Number of protein chains: 2
Amino acid sequence: MITIKEIAKLANASSSTVSRFLNDSGYVSDEARKRIEKVIRETGYIPSEHAKSLRTKQTKVIGVIVPRLSTDTSSRLVNAINDELAEHGYQIILANTNLSPAKEIENLKLLRSRQVDGIILLATNVNEELIREIRQLPIPLVALGQEIPGISFIVNDDYGAAKDMTELLITRGHKKIAFIGVPEQDRAVGYFRKKGFMDALQEKSISICNEWMAEANFDLSSGYEAMKTILQRTAQKPTAVFAVTDSIAIGAMHYLMEIECHIPKDMAVVGTGNSRVSQYIKPSLTTVDFSNEDMGRKAAKLLLHHIKETNGEPKKITMTYSIIKRDSV
Amino acid sequence: MITIKEIAKLANASSSTVSRFLNDSGYVSDEARKRIEKVIRETGYIPSEHAKSLRTKQTKVIGVIVPRLSTDTSSRLVNAINDELAEHGYQIILANTNLSPAKEIENLKLLRSRQVDGIILLATNVNEELIREIRQLPIPLVALGQEIPGISFIVNDDYGAAKDMTELLITRGHKKIAFIGVPEQDRAVGYFRKKGFMDALQEKSISICNEWMAEANFDLSSGYEAMKTILQRTAQKPTAVFAVTDSIAIGAMHYLMEIECHIPKDMAVVGTGNSRVSQYIKPSLTTVDFSNEDMGRKAAKLLLHHIKETNGEPKKITMTYSIIKRDSV
DNA sequence: TTGTAAGCGTTATCAC
DNA sequence: GTGATAACGCTTACAA
């Protein structure tokens, strides 16, 4: 590898002069400038970022931790984060937890060892150990999707969205509404969306039937099973179903179609998240859009802010959402 | 930041001993081992990868260049690449070109400056300059999706898949088949898929009607427009349409539905790529699956191989595909 | 079995 | 304006 020293020698200058030239710091005479420029062009010299970071303690790299990359939400977020960061000369180093909480912590360490300037964590399960690790992190971190006390985070208005969506269903005349959720460990999706749903019913004095409540994981097939469970165990069928994710909703729709239950005539279905599929399925799915694109860019900006102002107070941002009305209701 | 020297001091050892302990290289007495272990645990010491790479010339980081992250293909590939590399202790640094050829080259330089151990390039437009840049890269690179002479690449059997799919259409009795392609600069998708289509027709002595050929870009809406163009300019309507990507196919379907042309009765539609949506739309789309997952893992393995055997000959791998028969035919 | 010291490629300080 | 030189945190001969 060609180094700054060799460039210096070839250009008849010292490495300090070359460095000054490269970083636009301090004086370099026009003549020296020309010579150095020429040598660099001819040799195709590329400075080593490692040596640079070792000195400057700055890497211009941001770590991004995601549960899985191959979901709509993750890929949209990462894309947006990357776009925004690239504009500021930063790059992304990816860490995938494959949904394992242990790996979340491991990745935190890994990224730290790479001296990333900051971390964006797309959180799923927030546990004590994770919070402890984050707290003692010497670099800024922004969490996405889940509230983490004491640190900056950006979340969706899961509660509001679920409540609004449920109210939409009620407005359309539904009183018997089923619910397919996920475990409440996932505060955002499991707890808040459920709470929004329940509160909406409560406020309208509509009773909640336990037989109509089921729990799925994030898979399409689990949505299918949950819908099946609900319909098989109850005599009195609901007329609508609220699913906390689009995948679950689509799974549920598959079961409904299988038993020839017409959507939305016999059963209205709503999802959450506005996945790319949701608009192409038949009937197209009524869902809520969380503008991941916007969230990603905001996360990047917030992180950059924290990198500049190391003493900045933690910020809490709640994103807005919009209900997308389609044909499944 | 706490350094190896401080650990050494606290553990009453020298930094070399600590280093030996850390890397399991050379002798460390049990006693020293215990002391060091304790200090590291207590201090939460994490070695600096930068200093390490500066010395060892190894970063355990792989650069991955993608055109866009938010497409099915990219996100699946990156996910698979990441999984495979993570198993070998490597991490990924992402570079997004946002479809700009200039950025492809720029990113190559950027990654080089980060001294990545290797690069995986999800190529779209292969031009002279890009090839030149790649050739003079001092680190191994594996290209995905496009053939690049002289370097290792993994491609889909675009030609075979298109031909097979067209033959399927012919087998089903279609003789008037329309085609929606993309510009041929994209050799894989634009040129080879078109060639496969044409050759299949030629072999069965089926005439190709220019009025039924249209060009789209990769957007859904361009598929819609292309379908419209074809049907509006021809008196004699085709009975089937081959689209070189699923997005284009879905766009075409949207137009067909709009004019109440029944799929597949009035018009059969096939796509390419097996996007996630393709199975959920109605009617579900007949398409070809390229097993991106497998391709990603293979790419990672191949790159790792080149990193080990720097003198390895360039390898050319062609992936197999499978036709997914669904309801749109 | 352990420690010393040189060196990786930069930048920053300071003297010229 | 420029150039020695030390330092960043680590590994690795080599000496002890």
Side-chain angles (χ1 to χ4, degrees), chain A residues 1-37 39-40 43-61 89 109-117 138-139, chain B residues 1-37 39-40 43-61 89 109-117 138-139:
Chain A
M1 226 194 73
I2 180 150
T3 73
I4 197 172
K5 272 194 184 147
E6 303 176 54
I7 298 294
K9 203 179 294 170
L10 289 170
N12 240 299
S14 72
S15 45
S16 357
T17 306
V18 179
S19 174
R20 261 179 259 127
F21 166 82
L22 287 168
N23 302 294
D24 261 335
S25 56
Y27 296 104
V28 181
S29 68
D30 272 359
E31 280 170 41
R33 196 174 287 276
K34 285 220 181 70
R35 291 197 314 269
I36 295 171
E37 208 160 20
V39 174
I40 289 182
T43 54
Y45 163 70
I46 297 181
S48 153
E49 288 296 325
H50 289 296
K52 209 186 263 193
S53 329
L54 187 58
R55 259 314 311 228
T56 62
K57 290 348 191 174
Q58 249 223 89
T59 58
K60 289 277 188 177
V61 173
K109 292 209 174 110
L110 218 55
L111 291 175
R112 216 176 124 182
S113 75
R114 297 228 179 270
Q115 318 283 132
V116 294
D117 291 344
I139 49 170
Chain B
M1 227 194 72
I2 181 149
T3 73
I4 199 174
K5 268 195 187 147
E6 302 177 53
I7 298 295
K9 201 179 295 168
L10 289 171
N12 241 300
S14 73
S15 45
S16 20
T17 307
V18 178
S19 174
R20 263 179 257 125
F21 166 82
L22 253 21
N23 301 296
D24 261 334
S25 57
Y27 297 104
V28 180
S29 68
D30 273 358
E31 279 171 43
R33 195 173 286 277
K34 283 217 183 75
R35 292 197 312 270
I36 294 171
E37 206 160 22
V39 173
I40 289 183
T43 54
Y45 164 70
I46 297 180
S48 154
E49 287 296 325
H50 288 296
K52 207 186 265 190
S53 340
L54 188 56
R55 260 311 308 234
T56 61
K57 277 21 189 153
Q58 248 224 86
T59 58
K60 289 280 189 174
V61 174
K109 293 211 174 106
L110 218 55
L111 291 175
R112 216 176 126 182
S113 75
R114 298 229 178 271
Q115 318 281 133
V116 293
D117 292 344
I139 48 169

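Numbers restart at 1 for each chain; the letters A, B, ... are given by sequence-line order, proteins then strands. All figures in this text were calculated on a predicted structure; none of them were measured in a lab.
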Practice task
Apply side chain to side chain donor-acceptor pair (under 3.5 Å) to the pair B:Ser19 and B:Ser16, showing each step before the final yes or no.
Solution key: CA-CA 5 Å; B:Ser19 174; B:Ser16 20; over 6 Å; no

Practice task
Would you mind reading off the distance between B:Lys9 atom NZ and C:dG3 atom C1', rounded to a whole angstrom?
Solution key: 15 Å

Handout entry: NZ/NE/NH1/NH2 to OD/OE distance under 4.0 Å, A:Lys9 and A:Glu6
Key = no

Exercise for the section: Among A:Asn12, A:Ile2, A:Ile7, find the residue that satisfies the side chain to side chain contact (heavy atoms under 4.5 Å, CB included) test when tested with A:Val39. Expected result: A:Ile7

Exercise for the section: Could you work out which one of D:dG3, C:dG9, D:dG9 sits closest to the side chain of A:Ser14? Expected result: D:dG3

Exercise for the section: For B:Ala8, answer base if it contacts any base atom (sugar-phosphate contacts may also be present), sugar-phosphate if it contacts only those atoms, and nothing otherwise; contact means non-hydrogen atoms under 4.0 Å. Expected result: nothing

Practice task
Compare the minimum distances between each of C:dT2, D:dG1, C:dT10 and the side chain of A:Ala51, then state the nucleotide with the smallest one.
Solution key: C:dT10

Practice task
Give B:Phe21 one of three labels, base, sugar-phosphate or nothing, depending on what nucleic acid heavy atoms sit under 4.0 Å from its own.
Solution key: nothing

Completion exercise
Between CD of B:Glu31 and P of C:dG3 the distance, given in whole Å, is 12 Å

Problem - Residue A:Tyr27, side-chain heavy atoms: nucleotide from C:dG9, C:dG3, D:dT2 that is nearest - result: D:dT2

Fill in the blank from the handout: Of the candidates C:dG9, D:dG3, C:dT11, the side chain of A:Thr56 sits closest to C:dT11

Fill in the blank from the handout: From the candidates D:dT12, C:dT10, D:dC8, the one with an atom nearest any side-chain atom of B:Ser19 is D:dT12

Problem - For atom CD of A:Gln115 and atom P of D:dG9, their distance in whole Å - result: 9 Å

Completion exercise
When rounded to whole Å, the CZ to C1' distance for the pair A:Arg35 and D:dG3 reads 13 Å

Problem - From C:dT2, D:dG3, D:dC10, nucleotide with atom closest to B:Ser48 side chain - result: D:dC10

Exercise for the section: Let me know, please, whether B:Leu54 or B:Asn12 comes out on the 5' side of the other along DNA chain C by nearest nucleotide. Expected result: B:Asn12

Exercise for the section: Report the C-alpha separation of A:Tyr45 and A:Leu22 in whole Å, then their side-chain angles, then the decisive distance to 0.1 Å, and conclude whether the side chain to side chain contact (heavy atoms under 4.5 Å, CB included) test is met. Expected result: CA-CA 11 Å; A:Tyr45 163 70; A:Leu22 287 168; 3.9 Å; yes

Exercise for the section: Would you classify B:Ala32 as touching base, sugar-phosphate or nothing, given that sugar-phosphate means primed atoms plus P, OP1 and OP2, and contacts are heavy atoms under 4.0 Å? Expected result: sugar-phosphate

Handout entry: Verdict with reasoning, B:Lys60 to A:Arg114, per side chain to side chain contact (heavy atoms under 4.5 Å, CB included)
Key = CA-CA 10 Å; B:Lys60 289 280 189 174; A:Arg114 297 228 179 270; 3.8 Å; yes

Handout entry: Under-4.0 Å side-chain N/O to phosphate OP1/OP2 contact, B:Ser16 with C:dG3
Key = no

Handout entry: Atom pair distance, as rounded to whole Å: NZ in A:Lys60 and P in C:dT10
Key = 18 Å

Problem - Minimum-distance nucleotide to B:Arg20 side chain [options: D:dT2, C:dT2, C:dT10] - result: C:dT2

Handout entry: Separation of atom CD1 in B:Ile7 from atom P in D:dC10, rounded to whole Å
Key = 9 Å

Problem - Ion pair A:Lys34/A:Glu37, N-O distance below 4.0 Å - result: no

Problem - Length of the line joining B:Leu22:CG and D:dT11:P, which is rounded to integer Å - result: 6 Å

Completion exercise
Per nearest nucleotide of DNA chain C, the residue lying toward the 5' end, B:Lys57 or B:Arg33, is B:Arg33

Handout entry: Protein-nucleotide distance (B:Lys5, atom NZ; C:dA5, atom C1'), rounded to Å
Key = 10 Å

Handout entry: N or O in side chain of B:Ser15 less than 4.0 angstrom from D:dC10 OP1/OP2
Key = no

Problem - Side-chain donor/acceptor of B:Arg55 to base of C:dG7, under 3.5 Å - result: yes

